[in-house]
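Owing to the predicted nature of the structure, the values given are computational and were not obtained by experimental measurement. For this chain, numbers begin at 1 and follow the sequence in order.
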Amino acid sequence: MTKRDWLQKSTVAVLLSTSFLMFAEGGQAVSHAAQTQTEAQGAQVAAIAQSLKGKPYQYGAVGPQAFGSAGFATYIYKKIGMNIEDTIAKLNKAGKKVSVQEVQAGDLLFFSSTGKGSASFMGVYIGDGQYMYASQGEKKVVVKNLSDYSKKLLSVRRILPDEAGSVTPPNTTEPDQNLGKDLGNKVVSAGMKYLGTPYEYGSTRSNKKTMDCSEFTMWAYLDGAGIDMGRGGAKSQANYVKAHGTMTTDINKLKKGDLVFVMKYKGWKESDYKGIDVSKQSINHVAIYLGDNKLLHTYSKESGGVRITDFKGTHWEYRFISGGRPY
């Protein structure tokens, strides 16, 4: 047995007689004395789930602004440092099966409308006979009594490790970083599907046949991250980022999937922007940062609609005002 294994196993014994401090979404600490590590993590899962009550439902969304059925569980478990599957079918095979009589906080519940066949929705058990899930019918995250859904319940799966197993204590900072990276990748993947979509200034936003710059970024974030920034233009999206996420004026701090806001075109040379007070410039355009010195955006009919362009060393860099992510 390695020293690390011994320490991890010893952690469980210590937790049987000590308090386990948990930090839920709102950052409030709650002391749970004399709990096993599994029970403590289950209570942490329940606390995070409850902090998300009322969040909008959106099919396939993985948070933090909206959630699909599986995405609700995936997001919560990432918050305690565990990466789990992201579909109902895969989650219904994960961990181990337990009986409904053994259900405890943190367990995943799988249902179908008839109580037979494949699971069509799922939830997270939070204790006291209740569970939470992202409801398509009610269009939000809700709390329900498990007894009211007993005829629809197909299975219960326990994802949390057994108390006797080797457990890595939950990380309170890394999950958020991983989540941001995952969301950035999802936004980029969603945006790439629109490559070549024709440009139309002032597009209606009622369909995806044509797009201007801000309609494109709107759909990329809505499809990829479940984040609805509204139907406004680039300035409106910048305000949304400031209100709900992280904004930077340092071009070197941009991350994959970030929105990039630039000023009006004044020329293709760097000298064309010399002496301009960037802080006093109005936002004229928005793009998505792909990393590797690339932007994904749309800006004219002549350019061919949604496309990938270079960033640094071009007028796009010289026009840069700010950038960031709305989460």
Within-4.5 Å side-chain heavy-atom neighbours: Asn252 and Lys312: yes

Step-by-step ring pair (Phe, Tyr, Trp, His ring centres under 6.0 Å) determination, Tyr75 to Phe67: CA-CA 9 Å; Tyr75 176 84; Phe67 296 93; 5.2 Å; yes

Nearest atoms (heavy-atom pairs only) where Ala105 meets Ala46: CB-CB, 4.3 Å

Whether Tyr133 and Phe121 hold their rings parallel, tilted or perpendicular, with breakpoints at 30° and 60°: tilted

Pairwise side-chain hydrogen bond (donor to acceptor under 3.5 Å, both in side chains) hits with a residue in residues 261-277, at least two apart: Asp277-Ser279

Which residues share a side chain to side chain contact (heavy atoms under 4.5 Å, CB included) with Ser203, sequence neighbours left out: Glu200, Arg205, Thr210, Asp212, Glu215

Test item: side-chain donor near acceptor, Gln136 and Ser69, under 3.5 Å: no

Aromatic ring proximity Phe216/Tyr199, centre distance under 6.0 Å: no

Parallel, tilted or perpendicular: rings of Tyr299 and His297 (30°, 60°): tilted

Pair Glu102 + Lys96, salt bridge at N-O below 4.0 Å: no

Side-chain donor-acceptor distances from residues 226-235 under 3.5 Å, at least two apart:
unit_1: Asp228; atom_1: OD1; unit_2: Gly230; atom_2: N; d: 2.8
unit_1: Asp228; atom_1: OD1; unit_2: Arg231; atom_2: NH1; d: 3.1

Pair Lys294 + Asp310, salt bridge at N-O below 4.0 Å: yes

